[in-house]
Number of protein chains: 2
Amino acid sequence: MNSTFGLQRQPLHTQVAEILRAQIVSGDLPPGERMNEVALCEALGISRTPLREAVKILELEGLVTIRPHKGAMVSEISLRDIGEIFDLLAPLEALGTRLALERMTAEERTGILDLHDRMIGCYEANDREGCFQNDYRFHNTMIELARHDVLRATHTGLTNRSQRGRYLAPRFSQPKLDEAMAAHVRLIEAVRADDIDAAAEIMFDHVRCTGEFVLDTLRQSNLAK
Amino acid sequence: MNSTFGLQRQPLHTQVAEILRAQIVSGDLPPGERMNEVALCEALGISRTPLREAVKILELEGLVTIRPHKGAMVSEISLRDIGEIFDLLAPLEALGTRLALERMTAEERTGILDLHDRMIGCYEANDREGCFQNDYRFHNTMIELARHDVLRATHTGLTNRSQRGRYLAPRFSQPKLDEAMAAHVRLIEAVRADDIDAAAEIMFDHVRCTGEFVLDTLRQSNLAK
DNA sequence: TATTTGATGATTGCATGCAAAATGATGGCA
DNA sequence: TGCCATCATTTTGCATGCAATCATCAAATA
């Protein structure tokens, strides 16, 4: 774990935060789960100090809720939270799209076009999971290409939380998936035409629409509060 | 402070984080200042554990930079950072304006109109400091009225960082101040007319313009890197 | 029986101690 | 003189210990 020359040049609390973050985002640690310090420490093979530091970090990220003297638990994820997160993601991804189109190189441009094609490939092959994976990568790549530290940091914080909805809402309905894919196609057309305004607007609507849909699915399945 | 039955049930690390945050935002702790753990602990009269937890929190907020095994320092604030922060603030405050206009009550509406009048009063009395104070309150109030937790949290994180520019750029030029006040007047007109789209757009341009101006001032004074 | 009080065990919050890493200084060698 | 190696000091990172707080439950009282 430590080997492969990557060595161990990361503090314990950072590594612990990464591990716990991954487990929470993936739903491995379910919402509401109590996080007993000593139990987690034994499981991770560390002492309470770095664990507590990690938990504080996750609290600020909105993944953990701490009540003083009562302990930490995995944050509940409410419909309202998810809706609010997408409220912010829409304008932020629109901004990211705008910047990415302005700043990306020709190679990066072909890279993101490839990513789109791969996603469409999965879509046409009815590979929903592949579709999601590539969609996720597509949006993240777009933000990366914006070369904007504050945007990236804010975006990852929000997507980490929104991703928690995924495991609650496992199935997109076909019409909504069709709609999302159509939006991506239109977006790529705007990218090819270098129409920044159009691309930003399409992205805004697409993210907003995705948010609406996640909310609908959650409301149906009744899994979140 | 403790009284009125609300008692004093706040953990040490939270209080310490608040104190340090205030000192950093106000410029009391200048950018680049090394934060020696034992020195700070003695100054605050606490042990290293809660201090370290507080510093971790401030790191995630972007106010502190930690290099492993080398210690923490107050984050440098770069021109690029400030520009990026305003890049996000513009669309977020526009969103906040939109939501606030939709959701605020009649009393809240008169409250924010009063706040505006007070600011204009300071402006006409050439009270720049009062102007800033009320402007700051105005924007914060607008975000509060949006009743949107994720927006509020993100917004405070960003303004805490942008505020650090204030002490670097103490003087707005008169023309820019005039421009900002004019924008506020137009914004309030839109509020009175209940024209949500117009208000959001004016707010967007206003924040963006403020960002541009802070950058200009900083570039002149050559205080930030 | 229902409600409250007291005691016990578990859990968190903070302080302290110890080992590893980094910084700075000193001395040897070219 | 200049450079590198080595060692001492400082500082951080993590582990552990102790006190304060909370949760649970049984006993006592109305």
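Fair warning: this is a prediction, and the values are worked out from it, not measured in the lab. Residue numbering restarts at 1 for every chain, and letters A, B, ... go by the order of the sequence lines.
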query = Just by distance, do the side chain of B/S75 and the backbone of B/G62 share a donor-acceptor pair under 3.5 Å?
reply = yes
message = When you compare the side chains of A/R137 and A/N134, does any donor N or O come within less than 3.5 Å of an acceptor on the partner?
response = yes
request  = Give the rounded distance in Å between these two atoms: CZ of A/R52 and C1' of C/dT12.
outcome  = 6 Å
request  = Would you mind reading off the distance between A/I66 atom CD1 and C/dT11 atom P, rounded to a whole angstrom?
outcome  = 17 Å
note = Taken to the nearest whole Å, CD/A/E37 to C1'/D/dG17 is 14 Å
ask   = Whole Å only: how far is the CG atom of A/L12 from the C1' atom of C/dA19?
value = 13 Å
Pairing of B/R208 and B/D205 as salt bridge, 4.0 angstrom limit = no
task = Would you mind reading off the distance between B/E42 atom CD and D/dT10 atom P, rounded to a whole angstrom?
result = 13 Å
note = Interatomic distance, CD1@A/I143 vs CG@A/L92, rounded to 0.5 Å, equals 7.5 Å
key: Atom-pair distance (CG on B/L40; P on D/dT12), nearest Å   = 9 Å
query = Atom CZ of A/R67 and atom P of C/dG13: how far apart are they, to the nearest Å?
reply = 12 Å
task = Would you mind telling me which residue lines up with the more 5' stretch of DNA chain C, A/A72 or A/T49, judged by nearest nucleotide?
result = A/A72
key: d(CG, A/N36; P, D/dT21) in whole Å   = 20 Å
inquiry  = Nearest to the A/S47 side chain among D/dT12, D/dA15, C/dA15, which nucleotide is it?
reply    = D/dA15
query = Heavy-atom distance under 4.5 Å between the side chains of B/M35 and B/L20, does that happen here?
reply = yes
request  = Check every atom of C/dG13, C/dT11, D/dC14 against the side chain of A/R34 and return the nucleotide holding the closest atom.
outcome  = C/dT11
key: Side chain of B/K70 - closest among C/dA15, C/dG17, C/dA22   = C/dA22
key: Nearest-nucleotide comparison on DNA chain D, the residue closer to the 5′ end among A/P68 and A/I46   = A/I46
remark   = Per atom distances to the B/R48 side chain, the nearest of D/dT12, C/dT12, D/dA15 is D/dT12
